[in-house]
Amino acid sequence: MIGSYAGLGGQRRRGRRRGSWTAFRFLLGMAGVAAVGGYGYQVGVAANQAWTDRLEADLQHVRQDNLNLRDELAQTALGASSAQTELEALRRRYAAEVPDGELADLFAQIEEQLRAGVDSGRLAFLIDAAGQEVTCAEAPVTKRFRPHTPITPGPVSAVRFGDRITVTATAESALDADGQPEAWYDPARPVQLVFRTLDGRELQVDGALPLAHRMLVDGMEYRFSAIAGPTSFVEITGQACPFP
């Protein structure tokens with residue numbers, strides 16, 4: 001009987017030990033799971049913080065790049081505005097300093113004479129003399145002639161002034177309603193006047209009528225003006241005046 005109790009007590013102790021060991025292993029497993037979970041959580045928090053820091057750094061870079069771009073755009077706009085201002089100033093200076101029209105033609109003639117070797121003092125004297133009042137001894141003389149056109153038959157019509165200058169003209173034919181050329185010139189289109197002197201010089205003046213021209217021949221200044229006359233005619237007026 002005593003042996004039976006002893007055996008029963010041993011079994012109970014072994015059962016308690018197994019239960020304790022099972023409980024210990026369960027608690028150990030739970031602790032392991034908790035440790036792994038805690039480690040994973042810490043790793044997740046650290047990774048999330050690193051990702052957040054990276055995003056904030058990228059955002060800061062984007063903001064800085066945006067500021068830099070705005071500064072560059074502002075500098076570009078400022079440079080464009082400055083360039084536009086300089087361009088406008090250059091245009092105004094060009095308009096104020098560079099001659100045009102008749103003044104440009106006069107400057108071109110002066111430059112051409114200087115390149116040809118004409119003394120600048122003589123040019124200055126002639127320009128100054130041109131502003132002085134000159135009394136012309138001879139009265140103006142008006143003559144008329146027909147400009148030569150592409151269908152004009154016969155010799156070229158001409159007029160002479162002072163037995164020194166011969167004037168001829170060429171022009172385009174007038175057109176009828178059907179677009180066919182007429183026998184006379186068209187005064188609304190450019191005309192070419194040709195002035196020839198006895199020594200062989202030849203000067204041409206082109207443009208729409210009226211036209212004006214001056215030239216020096218044998219110490220005299222000849223002044224001409226040409227206008228459209230009656231149908232098929234050009235009227236040209238010439239006057240010889242002392243020079244200077």
Side-chain angles (χ1 to χ4, degrees), residues 99-116 118-119 122-176 180-244:
D100 58 359
E102 293 182 356
L103 187 58
D105 294 339
L106 180 59
F107 270 91
Q109 293 180 35
I110 293 175
E111 185 178 7
E112 182 180 356
Q113 293 298 322
L114 289 174
R115 285 200 301 265
V118 177
D119 182 68
R122 174 171 172 76
L123 286 177
F125 169 77
L126 295 176
I127 293 174
D128 184 62
Q132 300 177 11
E133 187 66 25
V134 177
T135 301
C136 298
E138 298 182 11
V141 177
T142 299
K143 299 183 180 183
R144 65 175 58 171
F145 65 104
R146 291 184 175 90
H148 195 78
T149 70
I151 64 171
T152 301
V156 177
S157 178
V159 292
R160 179 174 292 184
F161 289 88
D163 293 329
R164 291 181 173 86
I165 302 173
T166 300
V167 184
T168 60
T170 57
E172 297 295 329
S173 298
L175 303 178
D176 61 17
Q180 299 301 314
E182 301 277 11
W184 52 85
Y185 81 104
D186 184 354
R189 302 174 70 179
V191 174
Q192 182 185 81
L193 298 177
V194 180
F195 299 85
R196 295 183 178 88
T197 62
L198 293 178
D199 59 4
R201 284 192 300 153
E202 182 175 296
L203 297 173
Q204 296 181 358
V205 179
D206 301 285
L209 298 173
L211 291 172
H213 177 62
R214 294 189 180 192
M215 58 190 303
L216 295 177
V217 178
D218 297 336
M220 299 291 288
E221 180 186 43
Y222 285 82
R223 305 172 181 178
F224 297 97
S225 61
I227 62 173
T231 302
S232 79
F233 284 96
V234 167
E235 288 189 350
I236 184 166
T237 299
Q239 185 178 27
C241 302
F243 184 86

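In plain terms, the two heavy atoms of A171 and Y185 that are nearest each other are CB-CB, 3.7 Å. Residues A212 and V205 approach most closely at O-CG1, 4.3 Å, considering heavy atoms. Pairing each heavy atom of E182 with each of I151, the nearest pair is O-CD1, 2.8 Å. Residues A158 and T166 approach most closely at CB-CG2, 3.8 Å, considering heavy atoms. Scanning both residues, A226 and V234, for their nearest heavy atoms gives CB-CG1, 4.2 Å.
When each of T168, V194, T170 is paired with H148, the side chain to side chain contact (heavy atoms under 4.5 Å, CB included) condition holds for T170 and for no other.
Listed by first then second residue, pairs satisfying ring-ring contact (aromatic ring centres under 6.0 Å, His included) with a partner in residues 210-239 read F161-F224, F195-H213, F195-F224, not counting sequence neighbours.
With sequence neighbours excluded, the residues that form a side chain to side chain donor-acceptor pair (under 3.5 Å) with E111 are R115. Under the rule for a side chain to side chain donor-acceptor pair (under 3.5 Å), the partners of S232 that lie at least two apart in sequence or sit in another chain are R146. Every residue two or more places apart in sequence or in another chain that forms a side chain to side chain donor-acceptor pair (under 3.5 Å) with Q204 is listed here: Q192. Every residue was checked against the side chain to side chain donor-acceptor pair (under 3.5 Å) condition with T231, not counting sequence neighbours, and none meets it. E172 pairs by the salt bridge (Lys or Arg N to Asp or Glu O under 4.0 Å) definition with nothing, not counting sequence neighbours.
Looking at P190 and D206, their side chains never come closer than 4.5 Å, going by heavy atoms from C-beta outward. Side-chain contact between V217 and R201 is present, with heavy atoms from C-beta onward closer than 4.5 Å.
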Working for side-chain contact (heavy atoms from CB on, under 4.5 Å), residues V167 and F145: CA-CA 9 Å; V167 184; F145 65 104; 4.2 Å; yes

Verdict with reasoning, T197 to M215, per side-chain contact (heavy atoms from CB on, under 4.5 Å): CA-CA 10 Å; T197 62; M215 58 190 303; 3.7 Å; yes

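Atoms CD1 and CE, on I165 and M220 in that order, are 10.0 Å from each other to the nearest 0.5 Å. Rounding to the nearest 0.5 Å places CG of L211 at 9.0 Å from CD1 of I236. Taking CZ from R189 and OG from S173, the interatomic distance works out to 8.0 Å, rounded to the nearest 0.5 Å. Atom CD1 of I227 sits about 5.0 Å away from atom CD of E235, to the nearest 0.5 Å.
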